Amino acid sequence: MDTVRAKKHLGQHFLKDLGIARRIAETLGDTPQNVLEIGPGMGVLTQFLLANPNYNLRVIEIDTESVEYLGRNFPALEGRILSADFLQCDLEELFDGSFSLIGNYPYNISNQILFRVFENRNRIPLVAGMFQKEVAERIAAKPGSKTYGILSVLLSAFYDIEYLFTVDEHVFNPPPKVKSAVIRLRRNATPTLPCDEALFVKVVKTGFNQRRKTMRNALKPLGLPLDGIPEKLLMARAEQLSVEDFVQITNILQNSNNN
Ligand code: SAH
């Protein structure tokens, strides 16, 4: 039988359930759009994406065995398959203009994929697909929850995030050790943050680096004076702060740094 041997180091867990594959594909909606699928594997999701005439589809797959399989089994993909690493590829060469991102993503590089989304947020208006449940929950978490972290803040600054549904491990071959979940991120109307964005990212990362400490202690490694930051924010831990709180801290640090 024509198949691809699952390789653990590439995070390969092939989805068996066609109903779930269809539901994931449908999360992109019907507006005409460029679509990039990461890690098509044996094409379970790809077949539904190809069937939608509103999508201009390209797929990127790192595994040459999967690329060859797709070439043999999906003639409609001709000229649309990139045999490459999503983390290394040049996104500007993929499409003229913006594109949606979809996949049953390789879980071993979920965070790196999502950081790449953050960096390319003005080119990626919509992201949908499956991550391991814990990552999906973290992305969708709100301030005050234990799972709220760096990516929750960075992504929610620019995207509206929905946790759509949970997926059981038994619908994959081989089954992963964890449950999965499908989420959707839609670019919000914020063009840029009202602060220095590079410093904002640094403040968020530093704040969560020692997430059990108060911001007063967690931010010490920045080596910047914390004068002027409201006591309420300094006494809080990063996981309690909203995007707006981080923006406020960033602006105060920026100003004291310039004086
Ligand atoms: N979408 C398929 C496969 C999911 S497994 C399905 O649902 O069955 C994850 C897929 O991502 C695998 O095919 C794996 O080879 C691919 N992959 C892993 N790392 C990648 C990377 N850096 N760039 C592109 N594809 C990658």
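The model shown is predicted, which means the values in this text are computed figures rather than measured ones.
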| If you count the non-hydrogen atoms of other residues, nucleotides and ligands that lie under 6.0 Å from NZ in Lys16, is the total more than 12? | yes
| request: Looking only at non-hydrogen atoms, find the nearest pair between Asn217 and Gln210 and report the distance. | output: O-OE1, 4.4 Å
| Is the closest side-chain heavy-atom distance between Leu10 and Pro106 below 4.5 Å? | no
| Evaluation steps, side chain to side chain contact (heavy atoms under 4.5 Å, CB included), between Phe158 and Arg187 | CA-CA 6 Å; Phe158 294 105; Arg187 187 74 173 83; 3.4 Å; yes
| message | Quick check: do Pro194 and Val247 have side-chain heavy atoms less than 4.5 Å from each other? | response | yes
| task | Give the cluster check for Ile38 versus Leu155: same hydrophobic cluster or not, with ILVMFWY residues linked at side-chain heavy-atom distances below 4.5 Å. | result | yes
| query | Do Gln240 and Met215 touch side chain to side chain, with heavy atoms closer than 4.5 Å? | reply | no
| Where do Val243 and Ser156 come nearest, in terms of heavy atoms and distance? | CG2-OG, 3.6 Å
| When you measure from the side chain of Arg211 to the backbone N and O of Tyr148, does any donor-acceptor pair fall under 3.5 Å? | yes
| said: When you measure from the side chain of Tyr159 to the backbone of Phe118, do you find a donor-acceptor pair of N or O atoms at a distance under 3.5 Å? | reply: no
| request: Verify side chain to side chain contact (heavy atoms under 4.5 Å, CB included) between Val127 and Ile113, making sure each step is shown before the conclusion. | output: CA-CA 11 Å; Val127 181; Ile113 291 173; over 6 Å; no
| message | Quick check for you: to the nearest 0.5 Å, what is the distance between Ile62 atom CD1 and Asp85 atom CG? | response | 4.0 Å
| field | Pair listing, ring pair (Phe, Tyr, Trp, His ring centres under 6.0 Å) test, anchored in residues 126-145, at least two apart | value | Tyr105-Phe131
| In the single-linkage hydrophobic clustering (I, L, V, M, F, W, Y; side-chain heavy atoms under 4.5 Å), do Leu77 and Ile102 co-cluster? | yes
| remark: In short, side chain to side chain donor-acceptor pair (under 3.5 Å) pairs touching residues 30-50 with sequence neighbours left out are Asp30-Asn52, Gln33-Ser100, Asn34-Asn56, Glu37-Thr46
| Stepwise, does the side chain to side chain contact (heavy atoms under 4.5 Å, CB included) test hold for Phe14 with Asn104? | CA-CA 9 Å; Phe14 298 112; Asn104 165 21; over 6 Å; no
| Do Val135 and Ile124 belong to the same hydrophobic cluster, where Ile, Leu, Val, Met, Phe, Trp and Tyr are linked whenever their side-chain heavy atoms lie under 4.5 Å apart, directly or via other members? | yes
| said: A side-chain contact here means heavy atoms from C-beta on lying under 4.5 Å apart; do Phe48 and Arg23 qualify? | reply: no
| task | Could you grab the distance from atom CG of Leu45 to atom CZ of Arg22, nearest 0.5 Å is fine? | result | 11.5 Å
| To the nearest 0.5 Å, what is the distance between CD (Glu231) and CG (Leu226)? | 10.5 Å
| query | Which heavy-atom pair separates Thr147 from Ala141 by the least distance, and what is that distance? | reply | OG1-CB, 3.5 Å
| Can you list the residues that meet the salt bridge (Lys or Arg N to Asp or Glu O under 4.0 Å) rule with Lys179, with sequence neighbours excluded? | Asp168, Glu169
| query | Quick one: does Glu61's side chain have a donor or acceptor within less than 3.5 Å of a partner on Ile81's backbone? | reply | no
| task | Please step through side chain to side chain contact (heavy atoms under 4.5 Å, CB included) for the pair Val44 and Leu18, ending with a clear verdict. | result | CA-CA 7 Å; Val44 65; Leu18 292 182; 3.7 Å; yes
| query | Is any side-chain heavy atom of Leu49 less than 4.5 Å from a side-chain heavy atom of Leu28? | reply | yes
| request: State, to 0.1 Å, how close Tyr163 and Glu137 come at their nearest heavy-atom pair, and which atoms those are. | output: CE1-CG, 3.9 Å
| Just checking, any donor-acceptor pair under 3.5 angstrom between side chains of Asp245 and Ser242? | yes
| message | So which atom in Cys195 and which in Asn251 form the shortest heavy-atom distance, rounded to 0.1 Å? | response | CB-OD1, 3.3 Å
| said: How long is the straight-line distance from CD1 of Ile252 back to CG of Leu224, given to the nearest 0.5 Å? | reply: 12.5 Å
Can you give me every donor-acceptor pair (side chain of residues 196-204, partner residue at least two apart or in another chain, under 3.5 Å) with its distance?
from: Asp196; atom 1: OD1; to: Ala198; atom 2: N; distance (Å): 2.9
from: Asp196; atom 1: OD1; to: Leu199; atom 2: N; distance (Å): 3.0
from: Glu197; atom 1: OE1; to: Arg121; atom 2: NH2; distance (Å): 2.5
from: Glu197; atom 1: OE2; to: Leu193; atom 2: N; distance (Å): 2.7

| message | Test of understanding: with salt bridge (Lys or Arg N to Asp or Glu O under 4.0 Å), list the residues that count as partners of Asp63, not counting sequence neighbours. | response | Lys7
| Should Ile139 and Leu164 be regarded as members of a common hydrophobic cluster, given that ILVMFWY residues are connected when their side-chain heavy atoms come within less than 4.5 Å of each other, either directly or indirectly? | no
| field | For Asp2 against Arg72, the heavy-atom pair lying closest together | value | OD1-NH2, 2.7 Å
| query | Would Val167 and Val178 show up in the same hydrophobic cluster when neighbours are defined by side-chain heavy atoms closer than 4.5 Å? | reply | no
| Pro40 side chain reached by Leu70 side chain, heavy atoms, under 4.5 Å | yes
| remark: OG1 of Thr206 to NZ of Lys220, rounded to nearest 0.5 Å, is 14.0 Å
| Rounded distance (nearest 0.5 Å) linking atom OG of Ser180 with atom CD of Gln132 | 7.5 Å
| query | So Tyr107 and Phe172, would you call those rings parallel, tilted or perpendicular, with 30° and 60° as cut-offs? | reply | perpendicular
| field | Aromatic Phe115 / basic Lys205 pairing, under 6.0 angstrom, 45° off normal | value | yes
| task | Would you mind listing every ring pair (Phe, Tyr, Trp, His ring centres under 6.0 Å) that reaches into residues 64-98, with sequence neighbours excluded? | result | Phe95-Phe99
| query | Is the backbone of Leu91 close enough, under 3.5 Å, to the side chain of Arg123 for a donor and an acceptor to pair up by distance? | reply | no
| Are side-chain heavy atoms of Cys89 and Arg116 found at a separation under 4.5 Å? | yes
| message | Using modelled atom types and a 3.5 Å cut-off, is there a donor and acceptor pairing between side-chain atoms of Asn108 and backbone atoms of His9? | response | yes
| request: Measure the shortest side-chain to side-chain distance between Pro174 and His13 over non-hydrogen atoms and say whether it is less than 4.5 angstrom. | output: yes
